[in-house]
**Student:** 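I'd like to ask some things about the structure below.
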Amino acid sequence: TIAAQANNGVGGAGQAPKVKIMALKFLGGKDGGGDVENAVRAIDYAIAKKVKIMSNSWGSTQRSESLGRAIIRAEQAGIIFIAAAGNNGQNSDQQPAYPAAYANANIVSVAATDSNDRLASFSNFGTTSVDIGAPGVSIYSTIPNNGYKSMDGTSMATPLVSGVVALMLAAKPTATTCEL
């Protein structure tokens with residue numbers, strides 16, 4: 001979704017096909033679950049490697065102080081932390097989904113929109129906790145074993161925003177997090 005090569009006759013093209021990606025996996029198992037400790041390790045690794053943008057298509061309704069502190073460290077390192085708003089169809093101002101609902105200036109919380117540019121029925125929303133909406137319904141993407149599939153979710157919208165931010169950063173490499 002972010003960096004797939006264009007014009008190669010395979011699948012689709014990414015938003016920013018020339019961007020470099022570092023995959024940091026901390027979720028797994030049959031249920032796709034993970035833990036905060038490994039999420040923090042992934043964030044700290046990204047900080048150590050001086051990444052500029054983190055695309056986070058994961059979340060929980062549980063607030064964590066250690067995760068919050070890791071995102072502050074990312075903010076201090078100048079990392080833009082793009083996060084899926086969540087797929088519970090609820091107001092995140094009242095029922096937060098993390099990490100998207102932390103109030104850090106470097107977080108861009110992403111809702112999902114449909115083909116009519118309206119909020120998708122499943123997408124979380126919020127006047128103060130959600131920053132932007134992006135296409136998140138029937139998004140064509142890769143799946144394991146070299147396959148492709150159309151999927152829905154704020155997890156599909158988030159990498160689209162991440163790709164656009166990567167293009168913006170490529171156009172203005174000295175831009176600050178707030179400028180982007």
**Student:** If you look at every heavy atom in Ala16 and Gly163, which pair is closest and at what distance?
**Tutor:**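 Nearest pair, atom of Ala16 first, then Gly163: CB-O, 3.7 Å.
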
**Student:** What are the two closest heavy atoms between Ser55 and Thr158, and how far apart are they?
**Tutor:**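 Reported closest heavy-atom pair: OG-CG2, 3.7 Å.
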
**Student:** For the hydrophobic clusters of this structure (ILVMFWY residues joined by side-chain heavy atoms under 4.5 Å, transitively), does one cluster hold both Val36 and Met54?
**Tutor:**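 Val36 and Met54: one cluster.
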
**Student:** Does Ile80 belong to the same Ile/Leu/Val/Met/Phe/Trp/Tyr cluster as Ile47, with side-chain heavy atoms less than 4.5 Å apart forming each link?
**Tutor:**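 Hydrophobic grouping puts Ile80 apart from Ile47.
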
**Student:** Got a sec, which residues hit side-chain hydrogen bond (donor to acceptor under 3.5 Å, both in side chains) with Ser155, two or more places apart in sequence or on another chain?
**Tutor:**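 By the side-chain hydrogen bond (donor to acceptor under 3.5 Å, both in side chains) rule, Ser155 matches no residue at all.
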
**Student:** List for me each residue that meets side-chain hydrogen bond (donor to acceptor under 3.5 Å, both in side chains) alongside Arg41, sequence neighbours excluded, and say none if there are none.
**Tutor:**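 Checked Arg41 against side-chain hydrogen bond (donor to acceptor under 3.5 Å, both in side chains); matches are Glu37, Asn38.
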
**Student:** Does any non-hydrogen side-chain atom of Gln15 lie less than 4.5 Å from one of Pro159?
**Tutor:**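 In short, these two side chains do not touch, never coming nearer than 4.5 Å.
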
**Student:** Hey, can you pull the donor-acceptor pairs under 3.5 Å for the side chains in residues 146-154, sequence neighbours left out?
**Tutor:**
{"from": "Asp152", "atom 1": "OD1", "to": "Ser138", "atom 2": "N", "distance (Å)": "2.6"}
{"from": "Thr154", "atom 1": "OG1", "to": "Gly86", "atom 2": "N", "distance (Å)": "3.1"}
{"from": "Thr154", "atom 1": "OG1", "to": "Asn87", "atom 2": "OD1", "distance (Å)": "3.1"}

**Student:** Applying side-chain hydrogen bond (donor to acceptor under 3.5 Å, both in side chains), can you list everything that pairs with Ser123, at least two apart in sequence or on another chain?
**Tutor:**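 side-chain hydrogen bond (donor to acceptor under 3.5 Å, both in side chains) list for Ser123, sorted by chain: empty.
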
**Student:** Would you please name every residue forming a side-chain contact (heavy atoms from CB on, under 4.5 Å) with Leu24, sequence neighbours left out?
**Tutor:**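 By the side-chain contact (heavy atoms from CB on, under 4.5 Å) rule, Leu24 matches Met22, Ala42, Tyr45, Ala46.
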
**Student:** Side-chain atoms of residues 169-180: list all donor-acceptor pairs with protein atoms under 3.5 Å, sequence neighbours left out, distances to 0.1 Å.
**Tutor:**
{"from": "Thr176", "atom 1": "OG1", "to": "Glu179", "atom 2": "N", "distance (Å)": "3.1"}
{"from": "Thr177", "atom 1": "OG1", "to": "Gly78", "atom 2": "O", "distance (Å)": "3.4"}
{"from": "Glu179", "atom 1": "OE1", "to": "Thr176", "atom 2": "N", "distance (Å)": "2.8"}

**Student:** Let me have the donor-acceptor pairs involving side chains of residues 98-108, under 3.5 Å, with sequence neighbours excluded, atom names and distances please.
**Tutor:**
{"from": "Tyr102", "atom 1": "OH", "to": "Ser64", "atom 2": "N", "distance (Å)": "3.0"}
{"from": "Tyr102", "atom 1": "OH", "to": "Ser64", "atom 2": "O", "distance (Å)": "2.7"}
{"from": "Asn104", "atom 1": "ND2", "to": "Glu75", "atom 2": "OE1", "distance (Å)": "3.3"}
{"from": "Asn106", "atom 1": "ND2", "to": "Ile79", "atom 2": "O", "distance (Å)": "3.0"}

**Student:** Can you see which heavy atom on Ala134 is nearest to which on Val110, and at what distance?
**Tutor:**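 The pair with the smallest heavy-atom distance is CB-CG1, 4.2 Å.
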
**Student:** If you take all heavy atoms of Phe122 and Ala112, which pair is closest and at what distance?
**Tutor:**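 Looking at all heavy atoms of both residues, the closest pair is CE1-CB, 3.7 Å.
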
**Student:** Of all residues at least two apart in sequence or in a different chain, which pass the side-chain hydrogen bond (donor to acceptor under 3.5 Å, both in side chains) check with Gln76?
**Tutor:**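 Here no residue qualifies.
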
**Student:** Is there a donor-acceptor pair closer than 3.5 Å between any side-chain N or O of Asn56 and the backbone N or O of Ile82?
**Tutor:**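 Pair found, side chain donor or acceptor close to backbone of Ile82.
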
**Student:** Starting at OG of Ser57, measure out to CG of Leu27 and round the result to the nearest 0.5 Å.
**Tutor:**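 Between Ser57 OG and Leu27 CG, I get 10.0 Å after rounding to 0.5 Å.
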
**Student:** Show me the donor-acceptor pairs within less than 3.5 Å that the side chains of residues 2-10 make with the rest of the protein, sequence neighbours left out.
**Tutor:**
{"from": "Gln5", "atom 1": "OE1", "to": "Asn8", "atom 2": "ND2", "distance (Å)": "3.4"}
{"from": "Asn8", "atom 1": "OD1", "to": "Val10", "atom 2": "N", "distance (Å)": "3.0"}

**Student:** Starting from Val51, can I reach Val40 by hopping between I/L/V/M/F/W/Y residues whose side chains sit under 4.5 Å apart?
**Tutor:**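 Looking at the clustering, Val51 is in the same group as Val40.
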
**Student:** Less than 4.5 Å apart, side chain to side chain, heavy atoms only: is that true for Phe81 and Ile43?
**Tutor:**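 In contact.
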
**Student:** Is a side-chain donor or acceptor of Gln90 paired with a backbone partner of Asn124 at a separation under 3.5 angstrom?
**Tutor:**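 Not confirmed, Gln90 side chain does not pair with Asn124 backbone.
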
**Student:** Say whether, by atom type as modelled, one donor and one acceptor occur between the side chain of Asn116 and the main chain of Arg118 under 3.5 angstrom.
**Tutor:**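 No, the answer is negative, given that no donor and acceptor are paired below the 3.5 Å cut-off.
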
**Student:** Under the side-chain contact (heavy atoms from CB on, under 4.5 Å) rule, collect the residues that match up with Ser129, sequence neighbours excluded.
**Tutor:**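 With sequence neighbours excluded, Ser129 shows a side-chain contact (heavy atoms from CB on, under 4.5 Å) to Ser92, Asp93, given in chain and number order.
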
**Student:** Check whether Val19 and Val165 end up in the same hydrophobic cluster, where Ile, Leu, Val, Met, Phe, Trp and Tyr are linked by side-chain heavy atoms less than 4.5 Å apart.
**Tutor:**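 Different hydrophobic clusters.
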
**Student:** To the nearest 0.5 Å, what is the distance between CG on Leu167 and OG on Ser162?
**Tutor:**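 Spacing of CG (Leu167) from OG (Ser162) equals 11.0 Å.
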
**Student:** Which residues pass the side-chain contact (heavy atoms from CB on, under 4.5 Å) test with Glu65, sequence neighbours left out?
**Tutor:**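 If we apply the side-chain contact (heavy atoms from CB on, under 4.5 Å) test to Glu65, skipping adjacent residues, the hits are Arg63, Arg69.
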
**Student:** Which residues pass the side-chain contact (heavy atoms from CB on, under 4.5 Å) test with Asp117, sequence neighbours left out?
**Tutor:**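 Asp117 satisfies side-chain contact (heavy atoms from CB on, under 4.5 Å) with Thr113 once adjacent residues are dropped.
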
**Student:** May I ask whether Ile132 and Met156 are part of the same hydrophobic cluster, defined by side-chain heavy atoms of I, L, V, M, F, W, Y residues being less than 4.5 angstrom apart, directly or through others?
**Tutor:**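 No, Ile132 does not connect to Met156 through the hydrophobic network.
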
**Student:** Go through the steps to decide whether Asp35 and Phe26 satisfy the test side chain to side chain contact (heavy atoms under 4.5 Å, CB included), and finish with yes or no.
**Tutor:** CA-CA 8 Å; Asp35 60 47; Phe26 71 93; 5.9 Å; no

